[in-house]
Amino acid sequence: MSRYTSATDADRAAMLDAIGVDSIEELFAEIPEGVRLQRGLDLAPGMAEQEVFDHLSQLAARNRHCDAEVSFLGAGMYDHYVPALIDSILSRSEFLTPYTPYQPEISQGGLQVMFEFQTAISELTGLPVSNASVYEGPSAVAAAGYLAKQETKRSKLVVSRGLHPHARESLATHAVGYRMSVEEAALTDDGATDVEALAALVDDDTAAVFVAQPNFLGTVEELGALGEAAKRTGALFVVAADPLPLGILKPPGELGADICVGEGQTLGNRLDFGGPSFGFFAADQRFIRKMPGRIAGETRDVDGKRGFVLTLQTREQHIRREKATHNICTAQALNALAGVVYMSWLGKRGLVELGELMARRTHYAREALGAEAINPGPVVREFAVRVEDLDGLFERARAEGVNPGYRLRDTYPEYSDGLLVAITERRTKADIDRLAALVGSVREGARA
Amino acid sequence: MSRYTSATDADRAAMLDAIGVDSIEELFAEIPEGVRLQRGLDLAPGMAEQEVFDHLSQLAARNRHCDAEVSFLGAGMYDHYVPALIDSILSRSEFLTPYTPYQPEISQGGLQVMFEFQTAISELTGLPVSNASVYEGPSAVAAAGYLAKQETKRSKLVVSRGLHPHARESLATHAVGYRMSVEEAALTDDGATDVEALAALVDDDTAAVFVAQPNFLGTVEELGALGEAAKRTGALFVVAADPLPLGILKPPGELGADICVGEGQTLGNRLDFGGPSFGFFAADQRFIRKMPGRIAGETRDVDGKRGFVLTLQTREQHIRREKATHNICTAQALNALAGVVYMSWLGKRGLVELGELMARRTHYAREALGAEAINPGPVVREFAVRVEDLDGLFERARAEGVNPGYRLRDTYPEYSDGLLVAITERRTKADIDRLAALVGSVREGARA
Amino acid sequence: MNARSGKSLDPRAGEETLTIYERSVEGRRAFTAPVEEVPEVALEELLPAEALRERPAELPEVSEPEIVRHFNGLSKKNFDLDTGFYPLGSCTMKHNPKLHERVAALPGHARLHPLQDPEYAQGALELMYRLQGALGEIAGLPHVSLQPSAGSHGELAGLLLTHAYHEDRGEHRHKVLTPDTAHGTNPATVTMAGYEVVKVGTDEHGGVDIDDLRAKTDSDVACLMLTNPNTLGLFDRNIEQIAEIVHGAGATLYYDGANLNAVMGISRPGDMGFDIVHYNLHKSFTQPHGGGGPGAGPIAVSDRIEPYLPRPQVVRAEGSNGSGQPHFDLDHDRPKSIGKMRGFQGNFGVFVRSYAYICSLGAEGLKEASETAVLNANYLRARLAEDDIARYLPIAFDRVCMHEFVLSGCGARDELGIKTLDIAKRMLDHEVHPPTVYFPLLVEEALMIEPTETEPKERLDHFAEVVRSILEEAAQDPEIARNAPYTTPVRRLDEAGAAKRPVVRQGMGENPGDPGRAAENPAGATGAV
Amino acid sequence: MNARSGKSLDPRAGEETLTIYERSVEGRRAFTAPVEEVPEVALEELLPAEALRERPAELPEVSEPEIVRHFNGLSKKNFDLDTGFYPLGSCTMKHNPKLHERVAALPGHARLHPLQDPEYAQGALELMYRLQGALGEIAGLPHVSLQPSAGSHGELAGLLLTHAYHEDRGEHRHKVLTPDTAHGTNPATVTMAGYEVVKVGTDEHGGVDIDDLRAKTDSDVACLMLTNPNTLGLFDRNIEQIAEIVHGAGATLYYDGANLNAVMGISRPGDMGFDIVHYNLHKSFTQPHGGGGPGAGPIAVSDRIEPYLPRPQVVRAEGSNGSGQPHFDLDHDRPKSIGKMRGFQGNFGVFVRSYAYICSLGAEGLKEASETAVLNANYLRARLAEDDIARYLPIAFDRVCMHEFVLSGCGARDELGIKTLDIAKRMLDHEVHPPTVYFPLLVEEALMIEPTETEPKERLDHFAEVVRSILEEAAQDPEIARNAPYTTPVRRLDEAGAAKRPVVRQGMGENPGDPGRAAENPAGATGAV
Ligand SMILES: Cc1ncc(COP(=O)(O)O)c(C=O)c1O
Ligand SMILES: Cc1ncc(COP(=O)(O)O)c(C=O)c1O
């Protein structure tokens, strides 16, 4: 008997007796010999709690986390401060351990959280309808592609090269299932999406056009112009946004976006080496019955008391099956809760203050580094520069416990000397100056 | 307005208006000018949450904690594994944030926890009455002295030198208030309490006799004999016990103890650099109305439903005032909760298994070290040995990240070369062998 | 007297529910910005006017104490696994060990950036590698990708792999078979993967109808998606034959691992002939469900499918870094890969918990978990087979079950006039979570019951008593069940109305995303708490 | 119809409460012992038989899932500060910032051994040193000892210090003065410290009766213990005169800091003339109360008292360790010290939280906290002074109050026939915590109300409405309040019976410590959950 089970020998005897069999073995008689495992699993024996803790602590100790270095690494996930009240709320077993709220009468907490989450996402994106979460960013982009396919019955998707590489690849992977093709619009020399190039790719068979805000290089895109180019032939305009800067940037919904999706990690979720976080999916009112995933709606009970339920479920797999708007079932409710708690913590003003702080520090950093900008245009939380001896910089910096950022060459060969630097409220002026000094000295070195 | 308060300017205006004053200043008009602080407090300005977190993280990083070294340090607090379910239960706001349960109808959780705690302490100590916690170990010893004074009206307290130095000092400090004297009985050459020496000190004016189980050197005392010597003249026999080894050791209550007190840290509480933990106070039935602190009792409500209340409150300061059995008010409820959760986690069998494990490893360690024992007698979790070059050992060991234990000379000058080594389930055979090797090599060094 | 009868004297009875937005009061805050050291340039100088927001997003303005109380209050309106019995069929609501939250929160895990260089993330990569190995051994399939985010995401990956496999061989297949007992995600996935769903019937024993399968399996079939034990909680005795038929037609056999909890260490999908398996780490491997996620849906595949697995894959190189120590890396160079199902390496935080779980239980413990899950299910099946219950709730297929079983509410409907829904709602008043209802579809008025291995016998006995008392009560007065629940924060809700006039966000008047509905309680304008 | 009226239809209404012992089933366990590597010698070989236990302690045998559910279930029977308004007078139930739990849990704090060599505990010692400095500045007294475990422990330390001070000067004094408004711990402390209590009266303004004080202050008086603002929530305007009288007689003036929350940054005990102050870190400095602790009761003293402070003291030496960096140490060498109030360095975990709090608020924030606490108290005082309330609950002393105020329930008792206790119990049905009742003693049917600064205006308004509705309800039918509460887990409990036949532990038949009472539900023999 393990520490998580309760069946003592006495219990087993009594239970087998009630069942009317002599042994647990008998209960598996249904399984043909041929497919029975005739040996024990080849796994280590079980461990005591403290042994498991020690083992995982030792593994964890071999990772260099964001408190163990000064990190300018972003590129899709960012080192933001997660306030302590999120831990205390998420650790409530009433949020941590229930299943999806199939019984609304005993799930009002989770359902109201979804409703409040949808409202916050709607506010940020400027679009009236949000669902209660999808898996994460890149697959949310793919989900938008599926909606576009069902909505337009067209077979082509156009993406900006400014979209996160993972999002582009995830879209391409899913598009094979959708039986759709994906074409990519280049970036200008200034690291913004090339409106002409994009317009040129959009035709009558284009179901949707995808751009990022800000884009992967950190550039704040001109959504208005891109949206016009995208929608000329009736394609849907999909914006993949980092929700946090939307506190200061004009909401995609006000700039023509039909759908706004994105990665929610920046809203109160841990880095967790990439997940779990949450993806969000917001859209125009006319898509309310085409949305993927759970949506909570407000209603009343038989006594007239206000309450919330999972609504428009006829979109979903458990009702609609092969005709469902998406196959998603388990999503990211707990992470979305972290998101809405975080947004409540920041509040109306804090969201703006944090956005201003990031924008200021980002511009300060770009100047301080004094390196040639790949995207000289407007940026809010991240920017790309050319660094002569990139490997030299990393070697030097990492030895000093500084992580300079993301090497663009890994996904953008055209920027072989490109460094993507992310700024959050965790990176102080002193941190930035330190990176600048490193970049400077390596520059000297390279030139000498 | 801080992040913890809610009074906006609009709120203030409305509230001042309702009060009928023009400014908050006016509310303090009652305070004479002469005692008004005419300047701001000389403290640093407030910080953002992340800044406080960073500041305290930096301070914490300058402490070498028990996961950052292999520590054999005990001497009153021990590095035991605290199971994760304790965190999750103690973080429930319903346990963390309420006050003492003055309103039993909305405090049944806390009250039942106290009742279950009292039961577990009663089981461990072999005494029928336990309170719901006192501050910690040494002051619990002092509390026993106060009970003895009130019970016997005598003026002398006798302590074994085997009692924790902090407990002896705390008792002496409090005894000044009780207007009682304290005399100390020596230890034998084997590091056990000297029964004769003790008997010699006990006279008709002796209110209580205090011994520790195990004693400070780790020796398992012969409580039976000591109890007889103590009680000859009607003094109370008080045993200060480490509750964890009581899983295998005969309960003090079965060996004549009138009162058993102790430090509860070993029962599921963190080290926390010395506190908060909890003290326990258990006694014979005849002292039930003389106990210090809160006691929960079982009862029924008007509907006949089972419930729990704070009982025998006429002992307490808020009712009895100057005639109270003790002045304690706020105690250690949350730490006692950790204790009862821990005891539930260990369970009837686990408590014995852990005791056996400690005893085995302790004896193994004493042999492995191969150093001259100061207390060759029976030990269960800690033992004392003589080490020739103690400073050399510490220098060498600490450089390698090993903390050999406690230097007895700090509190027992007579053991100038004494090393007190503590063993818990956290110290593996490998750890012990490592310490043994260090001791050995230093021995060689000293002899060479 | 009435003054003693409680509820009627509850002054909070009719209280209004407030959202966090309705608690908002202008100017309040929980956030304090850190000291700014860089020059305080105005935003307008940094960004083009047309890129800037005109109106701030209407997030709530609330102090920390009141935020805490708000969400604390909401939590108290949820029933959860740490509160009571939760036999939600197909969801494997097993205990979530508290240790897992502790190890997942270690900064080395929680604060690790997904793009950290592998050399500085060796612990994380080794953990993933070890988890892959353990999962592969449990499923009896050698190659594992941890990437998919949940079960249905794993299903989609599985069909995309099938597609890539066939295309690579020049085969173009259009159909995927799913049994009529299949979970909704299966057919939904088939469509998303570009295939056409073909339903296969169920035989009188609750297994796949072999003749129907044979008839429908042709060279245009790409895959058969199966759950075994299936959603009736029954192990399909003909699994070997089924595999033979499917493979005979060159199709792949896909294992929906939602029910893996019944057979860990006892029977392995790989040995049954499955080519692709998904795991629900949030079911069999105890990631807390979180009220609807997060989860993770790793997949394991056979050799022939391996080349197409998503990238990157975690690989191990013996002491490549000079030292004898093994070195772990991410392999992106997989030419035949289907690509990425999502960003980064998957839900690592979930992997930590599931890996800790496997370490805790070990080979023996996992087998014992499945054995106990099956023991508990059969015991509860036996308790509910007692005459006065079985009469109203007959079992759908009267056989020894695996980890779950399905009853039909027809008897209760016909003889007592209460529906399965009514029984479920009345259970809420007994503080037990109802089973999964109205699924699988082929059982009328279905109740799908999965107790899991972590429930003690007393909980099962108590549940049986609850069922009995509800039926007895209904025999006296069916109205009671029909109008249940009574003791929950809200009672039956108007779901039809919610769907007809959907209100899916807080109304706040003139805000950007606001459909324009005026708030019932304009933010802040309320004294209620 | 009745079937809709809820409570009466609650099947859990009469349910029995089970203790963890009653959930115990032989053989179950949550603990797994780590692998044993040392020889498995039998205990009998290691320890003398007479030292060994004969019967194991009857701890419960329960699996982890059921332990979690048990304590989770118990927690749900508690009302708490994170749930609602908690105006418990004299207890300063202010919000407990969640950040504090995070920083207290850092391994460098939580896992640090109290006897770690100072050179390896510099962070902890610096934190204590900084906290001492901040507390000293707040109280206006230079020397701080963090050692005492709670307020009353601080009081005892204070009187022992007074005793040491006088003895050192060859003075032998026997009396300590306490006002009749004093908290129970004050007189209890006086007795424990070996002094005789002499009560001082209260004047018509709620302050110390100066004439009575003068009359009772002689050379045999060691100390006057005072709370200012006092337990009526009133600031004693004569404090300077009081200090003069007390000091004139060579006695010390002791400040009970329980009410410090009213005057932080506004008025300092040291400046008022107090020699010794205790702080309740669990009140003014927001250590969570934990259902009755832990707390901490540091003390601050003037120069003349300093030599007698407990040991060890945290001291700071400039760069003594070579580096310019300051170095912190523990000074045990204090010849005149009263010794130790307890073990080790005090409740360090509490210090971490309170220090974090002071860092968060800073000088401004602390002052704003006190101002808002006083604003909230006076606003609520004003709301409750409205005629239809004040008529039944007149204020004891009609003055501007500080952080709290005291009402008298005489009106309600005489005109409505309900006691303060009834009002308090009826509040439970409204989900607000009642004020402190029947204290201070000199106010009949007292209700002592302290809202604290972290409560928003809405909570205060709501409370006023609750009070009003209870009084209106009582005017209709006093029976309702007299029999309240109705909606709580249990209703009024038989406290007299509990005290007459005390049952203070679980009965388990033949166990060592068991008084012999047989368990109502013999362990394990129950199906209820
Ligand atoms: C049989 C079955 N298949 C698939 C799924 C989908 O898994 P997930 O919710 O992880 O996407 C479920 C979940 O309920 C299930 O029960
Ligand atoms: C005025 C007053 N003095 C002293 C105390 C005792 O403080 P503690 O509970 O910390 O011992 C209290 C606590 O209620 C109090 O209110």
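Lettering of chains follows the sequences in order, A, B, ..., and the numbering in each one begins at 1.
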So for [X], is it side chain, backbone, both, or neither that comes closer than 4.5 Å to the heavy atoms of chain C?
X: A:Leu124; answer: both
X: A:Leu337; answer: side chain
X: A:Ala60; answer: both
X: A:Ile295; answer: side chain
X: A:Val309; answer: side chain

Name the member of [options] that forms the most heavy-atom pairs with chain C at distances under 4.5 Å.
options: A:Val21, A:Asp11, A:Val341; value: A:Val341
options: A:Asp301, A:Leu334, A:Leu312, A:Val220; value: A:Asp301
options: A:Ala18, A:Pro32, A:Ala7; value: A:Pro32

Side chain, backbone, both or neither: which part of [X] has a non-hydrogen atom closer than 4.5 Å to chain A?
X: C:Thr19; answer: both
X: C:Leu106; answer: side chain
X: C:Val350; answer: both
X: C:Glu368; answer: side chain
X: C:Val504; answer: both
X: C:Glu364; answer: neither
X: C:Arg383; answer: neither
X: C:Leu160; answer: side chain
X: C:Leu375; answer: both
X: C:Met93; answer: side chain

Contact check, side chains of [X] and [Y], non-hydrogen atoms, under 4.5 Å:
X: A:Asp79; Y: C:Arg111; value: yes
X: C:Arg29; Y: A:Lys348; value: no
X: A:His55; Y: C:Tyr355; value: yes

[X] side chain to [Y] backbone, donor-acceptor under 3.5 Å:
X: A:Thr173; Y: C:Lys340; value: yes
X: A:Arg179; Y: C:Ala193; value: yes
X: C:Tyr21; Y: A:Glu116; value: yes
X: C:Asp271; Y: A:Val35; value: no
X: A:Glu30; Y: C:Val400; value: no
X: A:Gln118; Y: C:Arg505; value: no
X: C:Asp494; Y: A:Thr299; value: no
X: A:Asn327; Y: C:Thr185; value: no
X: C:Lys76; Y: A:Gly109; value: no
X: A:Tyr102; Y: C:Leu88; value: no

message = Tell me the closest heavy-atom pair linking C:Ser149 and A:Glu136, and the distance in Å.
response = OG-CG, 4.5 Å
Smallest separation among heavy atoms of C:Leu493 and A:Pro104, with atom names = CD1-CB, 3.5 Å
query = Do C:Phe439 and A:His318 have ring centroids that are under 6.0 Å from one another?
reply = no
request  = List the steps and the verdict of ring pair (Phe, Tyr, Trp, His ring centres under 6.0 Å) for A:Phe273 and C:His109.
outcome  = CA-CA 7 Å; A:Phe273 200 47; C:His109 294 144; 9.5 Å; no
query = Does A:Arg92 count as lying over the ring of C:Phe71, i.e. NZ or CZ under 6.0 Å from the six-ring centre, within 45 degrees of the axis?
reply = no
request  = May I ask you to decide if the ring planes of A:Tyr4 and C:His95 are parallel, tilted or perpendicular, using 30° and 60° as cut-offs?
outcome  = tilted
ask   = Taking the inter-plane angle between the rings of C:Phe344 and A:His164 on a 0 to 90° scale, is it parallel (under 30°), tilted (30 to 60°) or perpendicular (over 60°)?
value = perpendicular
key: Interatomic distance, A:Arg12 atom CZ to C:Asn376 atom CG [nearest 0.5 angstrom]   = 9.0 Å
key: The single option from A:Arg320, A:Gln317, A:Glu322, A:Lys323 passing side-chain contact (heavy atoms from CB on, under 4.5 Å) against C:Pro187   = A:Glu322
